[in-house]
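A quick write-up on the structure given underneath.
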Amino acid sequence: MMKRALMVAEKPSLAASLANILSNGRSTNRKGINNACSIHEWNMQFKGESVHFLMTSVCGHVMSLDFVGKFNNWDRVDPAELFHCPTEKKEAVAKLKMPSFLAKEAKGCDYLVLWLDCDKEGENICFEVIDAVRESMRITDHNVFRAHFSAITEKDIKAAMNNLGKPNENEAKSVDARQELDLRIGCAFTRFQTRFFQGKYGDLDASLISYGPCQTPTLGFCVQRHDEIQTFKPEPYWVLQVTVQTSEGKEVVLDWERVRCFEKEIATMFLMQVKEFKEAKVTSVSMKEKAKVRPLALNTVELMRVASSGLGMGPHHAMQIAERLYTQGYISYPRTETTHYPENFDLLEVLRQQQHSSDWGEEVREVLSSGINRPKKGHDAGDHPPITPMRTASRSELDGDAWRLYDYITRHFIATVSRDCTYLSTTAKFEIGKEVFKCTGKTLLDPGYTIVMHWQSFSKNETVPPFSDGEIVNIQEAKLQECQTCPPDYLTESELITLMEKHGIGTDASIPVHINNICQRNYVAVGSGRRLVPTSLGIVLVHGYQKIDPELVLPTMRSALEEQLNLIAHGQASMHAVLQHSLEIFKQKFLYFVKNIEGMDQLFEVSFSPLAMLGKALSRCGKCRRYMKYVQAKPARLHCSHCDETYSLPQNGVVRIYKELKCPLDDFELLSWSAGNKGKSYPLCPYCYNHPPFRDMKKGSGCNACTHPSCPHSLNSNGVSSCVECDGGVLVLDPASGPKWKLSCNRCDVIIHIFDDAHKVAVDDGTCECGAQLICVNYKEERTKLPNEATELTGCVFCSPDFANLVEKHRAINRPNRMAPGGRAARGRGRGRGGKGRGKGKPKDKMAQLAAYFV
DNA sequence: GCAAGGTC
């Protein structure tokens, strides 16, 4: 039987190109089970025999790192634990079913050839792929290969195929280490600061106060510029300005060679000296041919810079549009670091496609007829060719921003093969006494690429009148001009991208994400000219880090971390050693930060208002009976200033008091939540919403204990009875506890299990002499445990003899009393074991589920 | 709900 080889690329587009090259255009194509990846097949000689090849791809990382389930609970986990708690790899995008897709295609394969991108992330994905196919094919040292390629060209790809190597485990491990460090450090700091400041201030206007080794230094750049502006002290200075008249009577303003002077007396002295003369003498006229060079081929970072500064589009938005242009076939792959066209890149063909364009066809035809200029030598990062147009588009087929981006990409491409713009730079020097002045001008020789990139062309007034050596001209005016030094302006997005690139913060793909993050988290706002103006939250955060531990916000922190990771990649240190070392350092930094958070808090105090000062009284607290305040600013929440407790609420809706009713479990006044005017509303108890009373009930799952007519927890309904073991306690029937039904008291620690295997249990309308509500139980006929095969029984769990055999009453051990005098225990009741199913899901689903138990 | 990195 013919042997089979599975080949895997990093993304579908690359799999298609590789298959096309390797099969000489003879591959067949089918969709994979996840509908995202295609499989290209053909036969080809390999290792001396004909082999059936399958070329497919992943979509970036197959797996991603996360904490194991219970450590994702912000309430129960101390963020310091995140530095050592267990982690696990989860499928990066569950709906792509990537591991099972790969496993399926690997079945019956004899070879695995990895065509992941040739960088550390790609190396890491190699091992994710190997892990995914391990069960389906026998993986040995001899049947797994790694293709090393530096450009998607026939020459390079075929050479890679003929010279396969092995995946680099050290590089992959360095990525594993990076993932773990980023996860643990980022989440620990984020959770701590979010909790700390959200519990104190009501007008932060941010639901998350995040920290990240990339996003925080990014914010740092913006705040640094803000500080420079704030601390800037304008200084006056004086400029000696002389206007002369040419022989043709034209006025020309000369530039002073000393440029400016910061002392008025001295400047005045120079002026007096100059004033003694009526004429200026031209001492030299020099002319030099200079060039404005054509641009380098376009890569992602440059595209983002231009989109922001030239087109007013944010980098995130620009990349979304670029991606759409790419998938529609208008441009080449838009994520690349490379600024150098591959040797066999058909520049002429791409250019010819554009020659009939009504927008730049004329310029293209000119370039074609005069012959293309060899593009400037750029940098080949070995990833993808530079960004170029792939087919013509007209203004009508692309909408606004898509057209503007396509227009730029195409003009940029044409410019890279156009001539440089050349001009004559003329400098005339003048002497007035001992002072020297000059006047420079530019005369266009050849507009070159600026015809197509017209916004870079010369303005008309840059030419200089034809002075000649030794010429004497009249001085028309000499005066001092008083000026002031100006502060820098806020950082433009384009400048920020340059800074990030320079300091190695983020990658071409993640730079827009980080910038987007700090905007969305309300740390910076985008001002006019796409300048990034930090908000008071952003400023206070950065100043706080600088006060406690400046390294946390330093751009060098990321590169220091990368240096450690490189030790792993180069095999100079084990992953374990590096992780242990770096995690220990950051854990100490974290603990120090927590201990000294007061320093940051002092800054918050000045800019923000404490929760207690904000909001309006809304509903009563179940613990102290005082009114709690509703804080409307994001995230909406309730705050009891007497108990100093904050209760989160469902977001993006309207919260009102609900009929002045109280929750039977904890005496908190009930609220009604509705989504806008026409949206559905449901009642909720603020305490139960934060501390679910039943096991399996997700925090924040909506109506927990309330008096909504259809809510089973209501006293008016069927879920709650009085407890007669204690004074004033309420027995709650846990609707999710069947078939071992459970009633538990919210005041004493009684738990009553009843009617194992009962089909349905409900609290009846009737009341027993002892004061408890009657309980009604239903069995299915075949499973009844009642005398005479009855299927229904109503009675009291405390006194009815009929119930004696069916009730099991005990006291919970170590269960904190929900209404203990010293304040309510934080833990809810009766969440004995984990599990899934009932009690989960959206509020409305849960209502339906609960209702089903009691109707 | 959290990071950063791939990519769709």
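Proteins get letters first, then strands, A, B, ... in listed order; numbering begins at 1 in each.
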Is the shortest side-chain N/O distance from [X] to OP1 or OP2 of [N] below 4.0 Å?
X      : N     : answer
A:T190 : B:dA3 : no
A:H61  : B:dA4 : no
A:R521 : B:dA3 : yes
A:Q215 : B:dA3 : yes

- prompt: Looking only at side chains, do A:Y333 and A:R335 share a donor and an acceptor under 3.5 Å apart?
  reply: yes

Flag for A:E645-A:H639: side-chain donor and acceptor within less than 3.5 Å: no

Quick one: label [X] by what it contacts on the DNA or RNA (base, sugar-phosphate, nothing), any heavy atom closer than 4.0 Å.
X      : result
A:A92  : base
A:Q320 : nothing
A:C214 : sugar-phosphate
A:N124 : nothing
A:N35  : nothing
A:Y211 : sugar-phosphate
A:G122 : nothing

- prompt: Which comes earlier along DNA chain B counting from the 5' end, the contact point of A:A36 or that of A:C187, where each point is its nearest nucleotide?
  reply: A:C187

query: Between A:T194 and A:G212, which has a closest nucleotide on DNA chain B that is more 5'?
result: A:T194

message: Could you go through A:E123 and A:R146, starting from their C-alpha distance and side-chain angles, then the distance that decides it, and tell me whether this counts as salt bridge (Lys or Arg N to Asp or Glu O under 4.0 Å)?
response: CA-CA 9 Å; A:E123 225 54 42; A:R146 170 71 157 124; 2.9 Å; yes

Using the side-chain heavy atoms of [X], tell me which of these nucleotides is nearest: [options].
X      : options             : value
A:R558 : B:dC8, B:dG5, B:dC2 : B:dG5
A:P12  : B:dG6, B:dT7, B:dA4 : B:dT7
A:R178 : B:dC8, B:dG1, B:dA4 : B:dA4
A:E323 : B:dA4, B:dG6, B:dC8 : B:dC8

Check: A:R335 side chain, B:dG6 base, donor-acceptor under 3.5 Å: no

- request: Could you state the atom-to-atom distance from NE2 of A:H316 to P of B:dG5 in whole Å?
  value: 15 Å

task: Please indicate yes or no: is the ring centre of A:W74 less than 5.5 Å from the centre of the six-membered base ring of B:dG1, with the two planes inclined by under 30 degrees?
output: yes

Full working for salt bridge (Lys or Arg N to Asp or Glu O under 4.0 Å) between A:E105 and A:R30: CA-CA 12 Å; A:E105 298 302 334; A:R30 64 181 159 89; 2.9 Å; yes

- prompt: Got a second to check how far A:N522's CG is from A:L208's CG, nearest 0.5 Å?
  reply: 12.0 Å

